[in-house]
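Notes follow once the structure below has been shown.
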2 protein chains.
Amino acid sequence: MTPLKLRKVAIDTYKENVAYLHRDCPLYHSEGFQALNKIEVRDGPQRQPVVAVLNIVDDESCLAPDELGLSEQTFAQLGVAEGTAVFIDHATPPQSLEAVHRKIAGEPLNRPEFLRICQDIVNNRYSKIEIAAFLVACAESGMERDEMLFLTEAMVDTGERLDWGESLVVDKHCIGGIPGNRTTMLIVPIVAAHGMLMPKTSSRAITSPAGTADTMEVLCKVNLSPDELRGIVQQQRGFIAWGGTARLSPVDDILISVERPLSLDSKGQMIASILSKKIAAGSTHLLIDIPVGPSAKVHTQAEALRLRKLFEYVGDRSGMELEVVITDGSQPIGNGVGPALEARDVLQVLQNDPHAPIDLKEKALQLAGRILEFDPDVRGGQGYRLARDLLESGRAWQKMQDIIAAQGAAASPPQPTALQYPVEAPRDGVVTAIDNLQIARIARLAGAPMDKSAGVDLHKKLHDRVTRGTPLYTLHAEFRADYQFARNAIEQANGYTIG
Amino acid sequence: MTPLKLRKVAIDTYKENVAYLHRDCPLYHSEGFQALNKIEVRDGPQRQPVVAVLNIVDDESCLAPDELGLSEQTFAQLGVAEGTAVFIDHATPPQSLEAVHRKIAGEPLNRPEFLRICQDIVNNRYSKIEIAAFLVACAESGMERDEMLFLTEAMVDTGERLDWGESLVVDKHCIGGIPGNRTTMLIVPIVAAHGMLMPKTSSRAITSPAGTADTMEVLCKVNLSPDELRGIVQQQRGFIAWGGTARLSPVDDILISVERPLSLDSKGQMIASILSKKIAAGSTHLLIDIPVGPSAKVHTQAEALRLRKLFEYVGDRSGMELEVVITDGSQPIGNGVGPALEARDVLQVLQNDPHAPIDLKEKALQLAGRILEFDPDVRGGQGYRLARDLLESGRAWQKMQDIIAAQGAAASPPQPTALQYPVEAPRDGVVTAIDNLQIARIARLAGAPMDKSAGVDLHKKLHDRVTRGTPLYTLHAEFRADYQFARNAIEQANGYTIG
């Protein structure tokens, strides 16, 4: 085969590998390549290929006919210098696609099949549409619980796995959907103050107004190297950092990059995603929080119980100690929605401020109590009281200050937003419903999480009595356009039902 | 919103719309766009947007920060000049995706839902992964027969529809998989010689060694404008042209561009694809050929019968007169496999050459007979004899010459290939099996259909007695590399079983 000269094309194609070939490249004609075909690129006959989708270029200023262009990510994956002689070939479809076809036909797959699928995905042998086919085949009722286990294991096995060298490494995860709800930032200092190991990697917001990493970033650095994190955990027993740098369950990231734009909602995929990340992160004991409410992700107690059984089934067989708590998801937890407003709530609770939101404090104590009971020395039923002591004595606040200092405290606190707007009760009555989705939407339109200070600050919660004109919440926005988008959304529906 | 200057990026992204934005474009940061997001591009607030996937460019020589680049196809779709001020926005997911999610969950969809899905697809509102999700949800047993009907109707309604102004417009379609089998090129002159209207648009080969359009192109032009075709049909009552120019069932082309790389095999999708194209092409009467054999697409008589019922169900309800014949698909039909070799077979049959392949002639007469019986004046059971008379009298050959002249005869016949290789029987015996897939593969490796003369010329068929060294078939190739690829494949398996 004729070699081509490698060239880096300065285009960011994110999680999709793209290669560029000039239309006048002799190989394009003689070898029957076509746009959107998948090709294999290698820098020698015996080398491991990179697989990419082919785009055809018609302009010599971008690419010469004897060159092969690779998008930034793809170039980095091949890992050789520009100008290197590279060889291209038609990519053979990944062999594991055959199993995906059987999955589409309704057949359950076994452990080795899930492993081969994940290996092919992590090696970029699957195109986006092939990943979509796999996800859809696994969606909804399409997965047996053993398959969820096999997928979880395969996702762990195809990535890195951290080992903290201790037998009790705790973690918690909330399946999400509740604005505010920043319990992690209270639980970590409480359980670390007790001496438990809780190296907490968190995500940034993707569809919500704030993730734990966004909120912690209001107070300190969250983007830390693995070495830095190891140092902090030795001193402090805990940290709250962004988890994006490690290659933990990389298949999960690839699947999510397709699942999210598809808005696919697959129980099996969710369980495998959560548990594979936690196992790979080296957690041995995990508390899962499933909030239930009319505008939460899970709507009924029965649905939450089914989900709990699935988590327990997969968790037990993955060698992880796992507890599931089903909590009240009928309204936001805490008052602030948006990174800075949520950070304020967290600090108020830690500082035992009399204005601290009581619901956030109570929920955090309940969850921290369950985690503390993972400690064999803590008697069953005593966790809550222990957590409360750690919080109210100020030890948790001291621990949080130590963690913030260790991670690198933020230079200055976020400033109040330029634009604020009080949303008032339209009539006398009682708050009978708060729509989590609409409150989250309004906070995002206002600029959260990109503008740290933007969001919504709730003044009234469920069952509160209001009279006409009582402020229900205050909208915070930095930019006029965001402010107006959020105001328009509030005009349509302010998220509150007054009964 | 700030406008951007439109720029055409000379990249061919085939059936996927791609837009390019420089990383330093102020909108990229302020509006939260991300690589692989879908955006809407319009040239004014009230204009119909084009939807494209976003790639981020890091090089100012390709794109300036105040520019928006569009790939060639996307630029053509927007249809305005370079430099025009355009506006971008986050693309809202197509509303019909909600129905796709219900389909994934196992719910059957109704007529308006399929229509909305097809409208969104034809307007490029679906990304590749969304199309893949739709196809997988519809694959295998996932579609009821009413859904196949709704999808067929929706695919017709979202494209152009030809009207030939007559009440009897015949067509035929073979579901494929059998090498050779060039019956269409015999049927059209036979039935047109009878005076029936048969405006035949055919496809080029995609996975096979030759399509009807590729084979007809050996004899004459096939790439004709709608006006040219209308003129020919008035004079000749028939033509055999490439169907790629008309916008008939454009959703089908888009679905196939995803279905094919996925190797998805969905009955419902196949039926909707075939019937929507035929209805849109203005056919009123259609004969479907389902070959059955161990290496055909359909393996058993029972499977063929189920497929026939589905075709009949959808055909009857689409207001089309439809007949299905189940034929012998146990081996290639005719001797030649590859455009020029197949054209030679066709001409031999038309010219009543004593060397003409009898199986091709017989099959064509059977099918043409069934089509002639669509004519109310042809008595049931008399079609075959009428077809034979039209063929053996030379009237079909005369009609074919007229059609070739009308379409524009080819300048010169294809030359014999430079490289030929006889594949010999390894021992004495009887031919007990011929593998359609392997013969097709060998012919493609030899260069068909790109090299018109390349392919395979069969000398022995099923049940023929051979002695060791008897030539089974001759390989024809133009280029040394192709020749060697094909020879290697023959070494592995020559496609013949001698029992």
* **Counterpart residues, salt bridge (Lys or Arg N to Asp or Glu O under 4.0 Å), relative to B/E82 (two or more places apart)** => none
* **B/L264 versus chain A, the contacting section by heavy-atom distance below 4.5 Å** => both
* Do other residues, nucleotides or ligands put more than 12 heavy atoms under 6.0 Å from A/R7 CZ? -> yes
* **B/K8 side, atom NZ; A/D58 side, atom CG - distance, nearest 0.5 Å** => 7.5 Å
* To do: Would you mind checking which part of B/Y20 comes under 4.5 Å of any heavy atom in chain A, side chain (CB onward), backbone (N, CA, C, O), both or neither?
  => side chain
* To do: Identify the two heavy atoms, one from B/D12 and one from A/R23, that lie closest to each other, and give their separation to 0.1 Å.
  => OD2-NH2, 3.1 Å
* To do: Mind ranking A/V100, A/V258, A/L97, A/V9 by heavy-atom pairs under 4.5 Å with chain B and telling me who comes out on top?
  => A/V258
* Asked: For chain A, which of B/A132, B/S71, B/A10 has the most heavy-atom pairs under 4.5 Å?
  -> B/A10
* Non-hydrogen atoms of chain A under 4.5 Å away: do they reach the side chain of B/S263, the backbone, both or neither? -> both
* Euclidean distance, A/I129 CD1 relative to B/S257 OG, rounded to 0.5 Å -> 7.5 Å
* Structure fact -> Pair count under 4.5 Å, heavy atoms only, with chain B: among A/L262, A/V18, A/I131, highest is A/L262
* Interatomic spacing from SG in A/C62 to CG in B/L63 - rounded to 0.5 Å -> 9.5 Å
* **B/V136 versus A/V136, closest heavy-atom pair with distance** => CG1-CG1, 3.8 Å
